[in-house]
Chemist: 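This structure is in structure tokens; I'll ask about it shortly.
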Amino acid sequence: MDQLTLFLLFLKASFLSTGGTGNLPILYTDLIARGWATERPFAEALTIGQITPGPTGLWVISFGYLIDGVPGALMASVAIAIPPLSVLLIAVLYQRYGDHPAMSGFIRGLSLAVVGIFAVVLVDILRGNGLDAGALLIAAAALGLALTNRIPVIAIIGLAAIAGVIIYR
Amino acid sequence: MTTEALTPSPSAPSLLSLLRVWFGIGLQSFGGGAVTRYLIWQASVERHGWLTDAEFTDYWAIAQIAPGINLLALTVLIGWRVARAGGVAVCLLGLLLPSVAITIALTVIYAQVRGLAGVQSALRGIIPATVGISALLLWRLAAPLYADSRREGRASLILSGVGVGAAIVLSIYQPIPIFVTLILAGMVGALTHWLWARGARRG
């Protein structure tokens, strides 16, 4: 694994995403194709990212640590801090062309594609973990609990851990 | 938004006090993006008056079309407004330092125990739950797009559906790299929106 390339892949994924988890599909396909990561660290990092403070999107720092230790975590941190700087340029463009339909259209098309690719990645992670009745049940229950908006994510993850220990012991 | 909106406010705070404010936001923002956004609003509009409520709304709209994490883009805009480049650096650092440190610490702890048999079976339960929770995240990403399309009528709904479907097929078979798919999708979106708007003006 070449670290400069890894950093550039982190950076590219962040530049091509809007929002914290938008970089997931791009990074996922890039690193799986190169054989630099399996589904497992992605799933682990997403879980850790859900229980840590701060903006959603810091999962990638956890992911960086899991595949490359402290250098990986630091590279990921720098890579997510750079693309948002371009907002200063965008603010200027927005004043001049903000109402141009091509601008909103571009973001709309990009977001739709991210939705499609994201769905594929989620199914892939589920399959990599071993797709059985227990897994489907836990996924559905977690979605149901999250939908209520009353139960903190960390409690849902705790319940799932208990379910995992009971089912897969 | 006017040009003055990006010029520094008259009573610029010192970089050290800026760092303290944003470090506090980073430290308190357990519970995800909405909480962090509220804390940023509270600090920069209500408590310190760096910008007005309307400006904050403007900034948030711009932050949403910037690449990467929207909350970081919002932080960059406010940091620039308050104290230019130094403000950007200090605000980003303050916001990220606590949360990045906690994220790394948790991951280090996890990496120590992940080999244990009990952790492995717990994880087999946790991963599907993470997928379930992420499915909700996916829906939050898709919902505003769906609402826009529905407002625009059936043609827009069909086109959006085709777009998502095409992205699914392209990401499964990957005849072209994913980032090419994303950029193509953006260009198709830009073109159709533009043509649509021209048609609407003429029609």
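Everything numeric in this text was worked out from a predicted model, so none of it was measured. The sequence lines fix the lettering, A, B, ..., with proteins before strands; numbering per chain opens at 1.
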Chemist: Between B/R124, B/R114, B/M187, which shows the greatest number of heavy-atom pairs under 4.5 Å with chain A?
Modeler: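 Of B/R124, B/R114, B/M187, B/R124 has the most heavy-atom pairs under 4.5 Å with chain A.
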Chemist: For the atom pair OG (B/S134) and CD (A/Q50), what is the distance rounded to the nearest 0.5 Å?
Modeler: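 Answer rounded to 0.5 Å: 5.0 Å.
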Chemist: Does any backbone or side-chain atom of A/A119 lie under 4.5 Å from a heavy atom of chain B? Answer side chain, backbone, both or neither.
Modeler: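 The answer is both parts of A/A119.
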Chemist: Please look at B/A117 and chain A and tell me whether the side chain, the backbone, both or neither of the residue comes under 4.5 angstrom of a heavy atom of that chain.
Modeler: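 Answer is neither: B/A117 stays 4.5 Å or more from chain A.
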Chemist: If I measure from the heavy atoms of chain B, does A/I167 come under 4.5 Å with its side chain, its backbone, both, or neither?
Modeler: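 Contact with chain B is absent: no heavy atom of A/I167 under 4.5 Å.
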Chemist: Flag the one option from B/G132, B/G186, B/G125 with the top tally of heavy-atom pairs under 4.5 Å to chain A.
Modeler: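 If we count pairs closer than 4.5 Å to chain A, B/G186 comes out on top.
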Chemist: Passes side-chain contact (heavy atoms from CB on, under 4.5 Å), B/I178 versus A/K12? Steps please.
Modeler: CA-CA 11 Å; B/I178 287 293; A/K12 178 179 89 173; over 6 Å; no
Chemist: With a 4.5 Å cut-off on side-chain heavy atoms, are A/E39 and B/I127 touching?
Modeler: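 Not in contact.
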Chemist: For the atom pair OG1 (A/T52) and CG (B/L106), what is the distance rounded to the nearest 0.5 Å?
Modeler: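 Going from OG1 on A/T52 over to CG on B/L106, the span is 7.0 Å.
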Chemist: Find out whether B/L182 and A/I117 are in side-chain contact, i.e. whether some heavy atom of one side chain is under 4.5 Å from a heavy atom of the other.
Modeler: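 They are in contact (side-chain heavy atoms under 4.5 Å apart), so the answer is yes.
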Chemist: Is chain A contacted by the side chain of B/V169, its backbone, both, or neither, given a heavy-atom distance below 4.5 Å?
Modeler: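 Neither the backbone nor the side chain of B/V169 comes within 4.5 Å of chain A.
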Chemist: Where does A/S86 contact chain B at under 4.5 Å (heavy atoms): side chain, backbone, both or neither?
Modeler: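 The answer is the side chain of A/S86.
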Chemist: With a cut-off of 6.0 Å (strictly less than), are more than 12 heavy atoms of other residues, nucleotides or ligands near CG of B/L195?
Modeler: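 Buried by this count: over 12 neighbours within 6.0 Å.
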Chemist: For B/T107 versus A/S62, what's the shortest heavy-atom pair and its separation?
Modeler: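 Heavy atoms only, the tightest pair is OG1-OG, 2.9 Å.
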Chemist: Considering only heavy atoms, which portion of B/Y110 lies under 4.5 Å from any heavy atom of chain A: side chain, backbone, both, or neither?
Modeler: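 For B/Y110, side-chain heavy atoms alone lie under 4.5 Å from chain A.
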Chemist: Which of the residues B/V119, B/I172, B/L191, B/T103 is involved in the greatest number of heavy-atom pairs with chain A at under 4.5 angstrom?
Modeler: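 The candidate making the most pairs under 4.5 Å is B/T103.
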Chemist: Below 4.5 Å, heavy-atom pairs only: which of B/L74, B/T75, B/D148, B/L39 has the largest tally toward chain A?
Modeler: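 If we count pairs closer than 4.5 Å to chain A, B/D148 comes out on top.
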Chemist: For B/Q174, which atoms come within 4.5 Å of any heavy atom of chain A: side chain, backbone, both, or neither?
Modeler: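 Only the side chain of B/Q174 comes within 4.5 Å of chain A.
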Chemist: What's the shortest heavy-atom distance between A/A81 and B/L92, and which atoms?
Modeler: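 Smallest interatomic distance, heavy atoms only, reads O-CD1, 4.2 Å.
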Chemist: Measuring from atom CD1 of B/I69 to atom OG1 of A/T56, what distance do you get when rounded to the nearest 0.5 angstrom?
Modeler: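 The distance works out to 7.0 Å.
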Chemist: Please identify, among A/N23, A/D30, A/L66, the residue contributing the most non-hydrogen atom pairs under 4.5 Å to chain B.
Modeler: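 Answer, by heavy-atom pair count under 4.5 Å with chain B: A/L66.
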Chemist: Using heavy-atom distances under 4.5 Å, tell me whether A/V123 contacts chain B through its side chain, its backbone, both, or neither.
Modeler: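 Neither; nothing under 4.5 Å.
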Chemist: Measure the spacing between CD of B/E152 and CZ of A/R108 and express it to the nearest 0.5 Å.
Modeler: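 The distance works out to 4.0 Å.
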Chemist: Taking the side chain as C-beta and beyond, is there a heavy-atom pair between A/I107 and B/H193 under 4.5 Å?
Modeler: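 Not in contact.
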Chemist: Nearest heavy-atom pair of A/V115 and B/L138: which atoms, and what distance?
Modeler: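 Looks like O-CD1, 3.5 Å.
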Chemist: Counting heavy-atom pairs under 4.5 Å with chain A, which one of B/G189, B/A167, B/A66, B/S121 comes out on top?
Modeler: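 Winner by heavy-atom pair count: B/S121.
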Chemist: Can you name the nearest heavy-atom pair linking A/Y94 to B/I62, along with the distance?
Modeler: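 So the minimum-distance heavy-atom pair works out to CD2-CG1, 3.6 Å.
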Chemist: Please flag which part of B/S149 lies under 4.5 Å from any non-hydrogen atom of chain A: side chain, backbone, both or neither.
Modeler: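 Both parts, backbone and side chain.
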Chemist: Just give me the residue among A/L74, A/V121, A/L24, A/I90 that pairs up with chain B most often, heavy atom to heavy atom, under 4.5 Å.
Modeler: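 Highest number of heavy-atom pairs under 4.5 Å: A/I90.
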Chemist: Compare every heavy atom of B/L123 with every heavy atom of A/N129, then report the nearest pair and how far apart it is.
Modeler: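 Heavy atoms only, the tightest pair is OD1-O, 4.5 Å.
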Chemist: Within a 6.0 Å radius of atom CH2 on B/W194, are there more than 12 heavy atoms belonging to other residues, nucleotides or ligands?
Modeler: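 Incorrect, the count does not exceed 12.
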Chemist: Let me know if B/L137 has heavy atoms under 4.5 Å from chain A in its side chain, its backbone, both or neither.
Modeler: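 Looking at B/L137, just its side chain touches chain A.
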Chemist: Return the option, out of A/A146, A/A163, A/A139, A/A142, with the maximum number of heavy-atom pairs under 4.5 Å with chain B.
Modeler: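 Option with the top pair count is A/A139.
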Chemist: Atom CD1 of A/I157 and atom CD1 of B/I126: how far apart are they, to the nearest 0.5 Å?
Modeler: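 Answer for the CD1-CD1 pair, A/I157 versus B/I126, is 6.5 Å.
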Chemist: Among the options A/V70, A/I154, A/I82, A/L110, pick out the one with the most heavy-atom pairs lying under 4.5 Å from chain B.
Modeler: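 That would be A/L110.
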Chemist: Using non-hydrogen atoms only, which part of B/L96 is less than 4.5 Å away from chain A: side chain, backbone, both, or neither?
Modeler: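 Contact with chain A is through the side chain of B/L96 alone.
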Chemist: From the options A/L131, A/I138, A/L143, select the one residue that forms a side-chain contact (heavy atoms from CB on, under 4.5 Å) with B/P128.
Modeler: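 When side-chain contact (heavy atoms from CB on, under 4.5 Å) is applied between B/P128 and each of A/L131, A/I138, A/L143, only A/I138 qualifies.
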Chemist: What's the spacing between B/I102 CD1 and A/I51 CD1 if we round to 0.5 Å?
Modeler: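 That separation rounds to 11.5 Å.
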Chemist: If I measure from the heavy atoms of chain A, does B/S160 come under 4.5 Å with its side chain, its backbone, both, or neither?
Modeler: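 Both backbone and side chain of B/S160 come within 4.5 Å of chain A.
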Chemist: Any idea which of A/G69, A/G130, A/S104, A/P101 has the most non-hydrogen atom pairs under 4.5 angstrom with chain B?
Modeler: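 If we count pairs closer than 4.5 Å to chain B, A/P101 comes out on top.
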Chemist: For B/V188, is it the side chain, the backbone, both or neither that has a heavy atom under 4.5 Å from a heavy atom of chain A?
Modeler: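 Looking at B/V188, nothing touches chain A.
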Chemist: How close do B/L145 and A/S111 get, counting heavy atoms only, and between which atoms?
Modeler: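 Looking at all heavy atoms of both residues, the closest pair is CD1-CB, 3.8 Å.
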